[in-house]
Amino acid sequence: MGILDGYTVLDCSIAMAGPFAAQRLGDLGADVIKVEPVAGEWQRHAPAGGITGNKINVSFLSLNRNKRSLAVDLKSPGGQEIIRRLVAKADVFIQNYRAGVAGRLGVDYGTLSAINPRLVYVSMSGYGEDGPHAQRPGQDLLLQAMSGAMMSTGRKGEPPQAAGQYLVDAVTAYTAFEGALAALLHRERTGEGQKVEVNMLDAITTLQMQELSVFTVGHKPQERSAEPHAHVYIRAPYGTFATRDGYIALAMPQFPGLARALEAPALAGLDETTAGWDDRDATFAAVREAIARFSTAECLTRLEAEGIWAGPVYTYADLVADPQIAHNGTFLEYDHPTEGRVKTPGFPIRFSRSPSALRRGAPLTGEHTDDILRAAGFSEDEIAGFDGAGAIGRGAA
């Protein structure tokens, strides 16, 4: 049994952040019902990397394991009836609609909490449910840009660089996951459900707790360097450097040890404050030239001998093959009925008594519609009526 075994989650979210949060709840044992349009959720039709799969693309596959699919038209009377009956017995409801959409569909907090006062209602948005930016598109890259994070890396005078991951989506997903768990704990103690609001702008802003406090409390502005320094608030040398045959990452070394490791005596007498902060570009350039004389393996061996923090710069292929990843069991492998053998990141939290588990892979659109409706008390005649009216989808690819 998972920690959340016996809890039911209605996942009405789309794209990445909401589905990722709901998947984490499913990994902990919750019965997650993915409520999607009859034609399938948006992410089914927008494959990352163009990897379409057989019947389920990799984007959807990666974000929707441990869920059952209910395909329903929420704009239809039948679809709204179905949701109301499911909400009456649900524990968590997750949506990430644009501001105002939940109300128009009749799935806003006020409506659903009147049906089930114990409901934990997670509302996810780009910028907040109201305010001057509420109607802006909540897209990962746009939020990275607005958050200020891009202006902390890269070269001075060059365009800011985005993270190489869907960073804002991921941190928002984990924020919503955390909020849902906390609200469930509150309910266990008090019997009260509540609304949990999470927005992408606040999530990526609060992720930068330390950096923004340096700015707001210490009044130190972001000042990018001409050299590709990795962080505006950490002294040089700090970043990635080219070796003869690859790259290494180097973090905040002491200069005497660095000088010995790289056979660069000029580095030994550098002052940490002057060279690390005031002459950041010159220091970075000097270290770059010294490192370029060695192979990656040789450089890392030399730096390790001096106790200097350094490491390899991996590709995804390197990461997947790393022995620590294998030791940790970081990746999960299973056979999917339509997509074949699947290898994907697994469960990042380990519980000694109630571990996360894979119970099912990502579903086809509406694959579990009939099962879910029967369990909710709908008769075969009612299900057939919904099907005839186009209110539901039943097991489409």
Side-chain angles (χ1 to χ4, degrees), residues 9-23 34-48 59-60 63-64 72-76 79-80 83-84 87 92-114 119-151 159-163 165-180 183 193-208 212 216:
V9 177
L10 299 181
D11 175 17
C12 286
S13 64
I14 66 170
M16 178 176 170
F20 197 6
Q23 178 172 278
K34 184 169 185 66
V35 181
E36 53 183 323
V38 173
E41 192 243 297
W42 174 83
Q43 190 79 340
R44 289 188 185 272
H45 311 291
S59 294
F60 189 90
L63 299 168
N64 291 283
V72 59
D73 180 6
L74 291 182
K75 297 179 181 178
S76 70
Q80 292 173 0
I83 290 299
R84 286 194 295 269
V87 162
V92 179
F93 183 94
I94 300 177
Q95 59 88 357
N96 61 351
Y97 300 122
R98 284 278 193 96
V101 173
R104 292 197 294 272
L105 293 175
V107 293
D108 56 286
Y109 177 66
T111 299
L112 300 190
S113 64
L119 184 69
V120 170
Y121 184 103
V122 181
S123 175
M124 304 173 67
S125 63
Y127 304 85
E129 293 191 356
D130 47 35
H133 301 326
Q135 294 298 331
R136 285 188 179 182
Q139 196 278 331
D140 187 282
L141 180 64
L142 306 185
L143 269 299
Q144 284 193 45
M146 188 176 181
S147 73
M150 286 188 191
M151 294 301 294
Q161 295 295 308
Q165 304 77 36
Y166 305 118
L167 176 64
V168 184
D169 281 330
V171 71
T172 304
Y174 271 86
T175 303
F177 173 55
E178 177 185 344
Q194 63 179 299
K195 185 179 184 181
V196 179
E197 293 186 39
V198 173
N199 73 73
M200 300 171 78
L201 180 59
D202 286 352
I204 188 60
T205 299
T206 54
L207 182 70
Q208 300 173 85
L212 279 165
T216 59

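Residues Gln43 and Leu63 approach most closely at NE2-CD1, 3.7 Å, considering heavy atoms. In plain terms, the two heavy atoms of Gly128 and Ser125 that are nearest each other are N-OG, 3.1 Å. Closest non-hydrogen pair, Val107 versus Leu112, comes out as O-CD1, 3.6 Å. Gln208 and Ser147 make their closest contact through NE2-O, 3.3 Å (heavy atoms, listed as atom of the first residue, atom of the second, distance). Minimum heavy-atom separation, Leu74 to Gly79: CD2-O, 4.2 Å. When all heavy atoms are compared, the tightest approach of Pro160 to Met151 is CG-SD, 3.2 Å.
Remark: Tyr109 engages Tyr121 in a ring pair (Phe, Tyr, Trp, His ring centres under 6.0 Å) (not counting sequence neighbours). Residues satisfying the ring pair (Phe, Tyr, Trp, His ring centres under 6.0 Å) criterion with Phe177, sequence neighbours excluded, are absent altogether. Taking Ser13 as the reference, Asp11, Pro19, Ile94, Asn96 meet the side-chain contact (heavy atoms from CB on, under 4.5 Å) condition, with sequence neighbours excluded.
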Start with the C-alpha gap between Glu197 and Asn199, add the side-chain angles, then the distance that decides, and say whether side chain to side chain contact (heavy atoms under 4.5 Å, CB included) holds. CA-CA 7 Å; Glu197 293 186 39; Asn199 73 73; over 6 Å; no
Using side chain to side chain contact (heavy atoms under 4.5 Å, CB included), reason through Leu142 and Arg136 one step at a time and then give a plain yes or no. CA-CA 10 Å; Leu142 306 185; Arg136 285 188 179 182; over 6 Å; no
Mind running side chain to side chain contact (heavy atoms under 4.5 Å, CB included) on Leu105 and Lys75 for me, showing each step along the way? CA-CA 6 Å; Leu105 293 175; Lys75 297 179 181 178; 3.8 Å; yes
How far apart are the C-alpha atoms of Tyr127 and Met146, what are their side-chain angles, what is the distance that settles it, and do they pass the side chain to side chain contact (heavy atoms under 4.5 Å, CB included) test? CA-CA 11 Å; Tyr127 304 85; Met146 188 176 181; 3.6 Å; yes
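The main-chain N or O of Val171 is found under 3.5 Å from a side-chain atom of Thr175 such that the two form a donor-acceptor pair. A donor-acceptor pair under 3.5 Å links the side-chain atoms of Gln161 to the main chain of Pro159, judged by distance alone. At distances below 3.5 Å, at least one donor-acceptor pair connects side-chain atoms of Asp140 with backbone N or O atoms of Asp169. Glu129 places no side-chain N or O within 3.5 Å of a backbone atom of Ala134 that could act as its donor or acceptor partner. Between the side chain of His45 and the backbone N or O of Ala39 there is at least one donor-acceptor pair closer than 3.5 Å.
Taken to the nearest 0.5 Å, the NZ atom of Lys34 stands 12.0 Å off from the CG atom of Leu10. Note that the CD atom of Glu36 and the CG atom of Asp73 stand 13.0 Å from one another [nearest 0.5 Å]. Within the model, atoms CZ of Arg44 and OG of Ser59 stand 12.0 Å from one another, a figure rounded to the nearest 0.5 Å. The distance from the OG1 atom of Thr206 to the CG atom of Leu201 is 9.5 Å, given to the nearest 0.5 Å. Taken to the nearest 0.5 Å, the CD atom of Gln23 stands 10.0 Å off from the CE atom of Met16. The line from CD1 of Ile204 to CG of Leu167 is 4.0 Å long, rounded to the nearest 0.5 Å.
Val35 places a side-chain heavy atom less than 4.5 Å from the side chain of Cys12. At a threshold of 4.5 Å between non-hydrogen side-chain atoms, the residues Ser113 and Lys195 do not count as touching.
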